[in-house]
Amino acid sequence: MTGNTSEKVVEYTTGGAILMDGVRLRDELIANLAQKIAAEGDPEITLATVLVGDDKPSQVYIKSKQKKALEAGLKSRHNQLGADATQAEVEGVVAELVQDPSVHGILVQLPLPDGLDAERVLDLIPPEKDVDGLTERSMGRLVRGKPGHAPCTPLGVMRLLERYDIPTSGKNAVVVGRSTLVGLPQVLLLGRKGADATVTLAHSRTSDLAKTCRNADIIVAAAGIARLITPDHVKPGAAVIDVGISRTESGIVGDVDFGPVSEVAGAITPMPGGTGPMTIACLMENTYAASKM
Ligand code: NAD
């Protein structure tokens with residue numbers, strides 16, 4: 001089923017929930033960015049990517065980030081290091097990118113091969129160029145409400161909520177998972193001024209997850225446990241956003257049991273096709289913002 005509210009196309013699941021389509025919104029955001037950059041006379045805005053080793057999923061992620069950067073009107077510059085690169089070599093490459101004024105954003109693809117200390121590498125990136133928003137200083141800025149880049153996955157969740165007119169102010173949100181990559185920054189973004197949700201952080205030691213989630217108007221599931229969130233966890237009409245990715249024999253599965261949950265939820269993201277594409281779109285938005293800092 002589809003409906004057309006103002007110029008926005010909205011699709012619904014067979015259960016009647018709004019389908020929060022991350023692919024569609026990513027394409028919209030990237031097209032907007034390309035238009036904006038073209039209107040500014042195509043300034044060179046460069047995203048530098050660093051990949052150490054030949055991990056296949058990391059190669060796929062980097063390729064799709066490079067492709068989307070070009071579509072957004074950004075330049076992408078890739079730095080490939082061998083799997084046997086030393087800590088000093090990796091730090092040397094990142095330090096050069098930090099010094100290079102033609103580089104606006106730096107993305108170090110994680111995880112790094114065993115034996116390399118990712119924290120020390122990330123610590124070299126100043127907040128202005130940290131378009132992934134994952135360093136200690138970027139996280140500090142987020143906590144203190146200072147200008148900087150928020151981590152792309154939780155930022156993508158906020159964009160989906162905005163795009164599909166899901167109110168957050170005064171609403172109860174439950175974030176499942178407390179990692180520094182997703183859960184913790186998600187709590188900050190939902191609870192900060194402007195978003196104004198009342199946020200509960202659930203994790204592996206939460207005593208009754210279903211009961212906790214049933215209180216939520218918005219659930220963000222980022223535990224990495226296939227089909228953890230069932231209809232029993234969902235208040236009728238709630239918005240359910242799936243961040244988790246589990247690779248199973250039947251393909252990629254999220255933290256949300258999509259079919260049954262979409263019968264109860266008011267809005268839901270697909271997996272794949274929800275938060276993943278939005279992570280990449282927000283990386284491009286952060287890179288554009290970096291060029292203005
Ligand atoms: P993580 O392993 O660091 O954190 C998982 C969190 O889930 C932990 O805080 C843990 O306390 C919590 N948890 C584990 N079992 C639980 C349970 N039974 N009930 C409640 N909470 C539980 O993982 P992460 O890096 O935060 O990633 C989470 C998931 O999101 C992974 O599947 C990852 O692949 C995925 N991910 C997706 C995107 C995207 O773009 N969609 C981006 C990053 C991560």
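For ligands, and for the atoms within them, numbers begin at 1 and follow the listed sequence. As the structure is a prediction and not an experimental result, all values here were calculated from the model.
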Asker: Identify, for atom 21 (N) of ligand 1, the protein heavy atom at the shortest distance, and state residue, atom and that distance.
Answerer: His203 C, 3.1 Å
Asker: Could you list which atoms of ligand 1 come closer than 4.0 Å to a heavy atom of Leu181?
Answerer: 25 (O), 43 (C)
Asker: Does Thr153 have a heavy atom less than 4.0 Å from any atom of ligand 1?
Answerer: yes
Asker: Kindly identify the option in Thr279, Val243, Ile241 whose heavy atom sits closest to atom 35 (C) of ligand 1.
Answerer: Val243
Asker: Is a donor on one side and an acceptor on the other found under 3.5 Å between the side chain of Asp123 and the backbone of Thr135?
Answerer: no
Asker: Hydrophobic side-chain clustering at under 4.5 Å (ILVMFWY, transitive links): who's grouped with Val23? Put none if nobody.
Answerer: none
Asker: Whether the side chain of Glu89 engages the backbone of Thr86 through a donor-acceptor N/O pair (distance < 3.5 Å, no angle test) should be reported.
Answerer: yes
Asker: Any idea which atoms of ligand 1 are less than 4.0 Å away from a heavy-atom of Val176?
Answerer: 20 (C), 21 (N)
Asker: Would you please name every residue forming a side-chain hydrogen bond (donor to acceptor under 3.5 Å, both in side chains) with Lys68, sequence neighbours left out?
Answerer: Glu71
Asker: Taking atom CZ of Arg178 and atom OG of Ser204, what is their separation to the nearest 0.5 Å?
Answerer: 4.5 Å
Asker: Nearest to atom 9 (O) of ligand 1, what protein heavy atom do you find, and at what distance?
Answerer: Arg178 N, 2.8 Å
Asker: So which protein heavy atom does atom 12 (C) of ligand 1 come closest to, and at what separation?
Answerer: Gly177 CA, 3.8 Å
Asker: Among all protein heavy atoms, pick out the one at the shortest distance from atom 41 (N) of ligand 1; state its residue, atom name and that distance to 0.1 Å.
Answerer: Thr275 OG1, 3.0 Å
Asker: How far is atom 28 (C) of ligand 1 from its nearest protein heavy atom, and which residue and atom is that?
Answerer: Ala222 O, 3.5 Å
Asker: Counting heavy atoms only, which of Ile225, Val182, Val175 comes nearest to atom 44 (C) of ligand 1?
Answerer: Val182
Asker: Under a plain distance cut-off of 3.5 Å, with no hydrogens placed, do Tyr288 and Glu40 share a side-chain donor-acceptor pair?
Answerer: yes
Asker: Evaluate Lys171 against Asp196 for salt bridge (Lys or Arg N to Asp or Glu O under 4.0 Å), listing each step before the verdict.
Answerer: CA-CA 8 Å; Lys171 300 297 177 186; Asp196 301 309; over 6 Å; no
Asker: When you measure from the heavy atoms of Gly183 to every atom of ligand 1, does any distance fall below 4.0 Å?
Answerer: no
Asker: Quick test of your reading of the model: are Asp100 and Arg77 salt-bridged, counting only N-O distances below 4.0 Å?
Answerer: yes
Asker: Tell me the nearest of Gly254, Pro185, Pro277, Ser204 to atom 16 (C) of ligand 1, using heavy-atom distances.
Answerer: Ser204
Asker: Please state which part of Thr206 comes within less than 4.0 Å of ligand 1, counting heavy atoms only: side chain, backbone, both or neither.
Answerer: neither
Asker: Could you tell me whether Glu128 and Arg141 have a side-chain N and a carboxylate O separated by less than 4.0 Å?
Answerer: yes
Asker: Ion pair present between Asp130 and Arg137, side-chain N to carboxylate O less than 4.0 angstrom?
Answerer: no
Asker: Could you tell me the residue and atom name of the protein heavy atom closest to atom 31 (C) of ligand 1, and the distance to it rounded to 0.1 Å?
Answerer: Gly224 CA, 3.8 Å
Asker: Starting from atom 5 (C) of ligand 1, locate the nearest protein heavy atom and write down its residue, its atom name and how far away it is, to 0.1 Å.
Answerer: Ala223 O, 3.6 Å
Asker: Could you tell me, atom by atom, which parts of ligand 1 come under 4.0 Å of a heavy atom of Ser179?
Answerer: 3 (O), 4 (O), 9 (O), 24 (P), 25 (O), 26 (O)
Asker: Has the side chain of Thr287 got a donor or acceptor atom that lies under 3.5 Å from a matching backbone atom of Leu283?
Answerer: yes
Asker: For ligand 1, find out whether one of its N or O atoms is nearer than 3.5 Å to an N or O atom of Ile245.
Answerer: yes
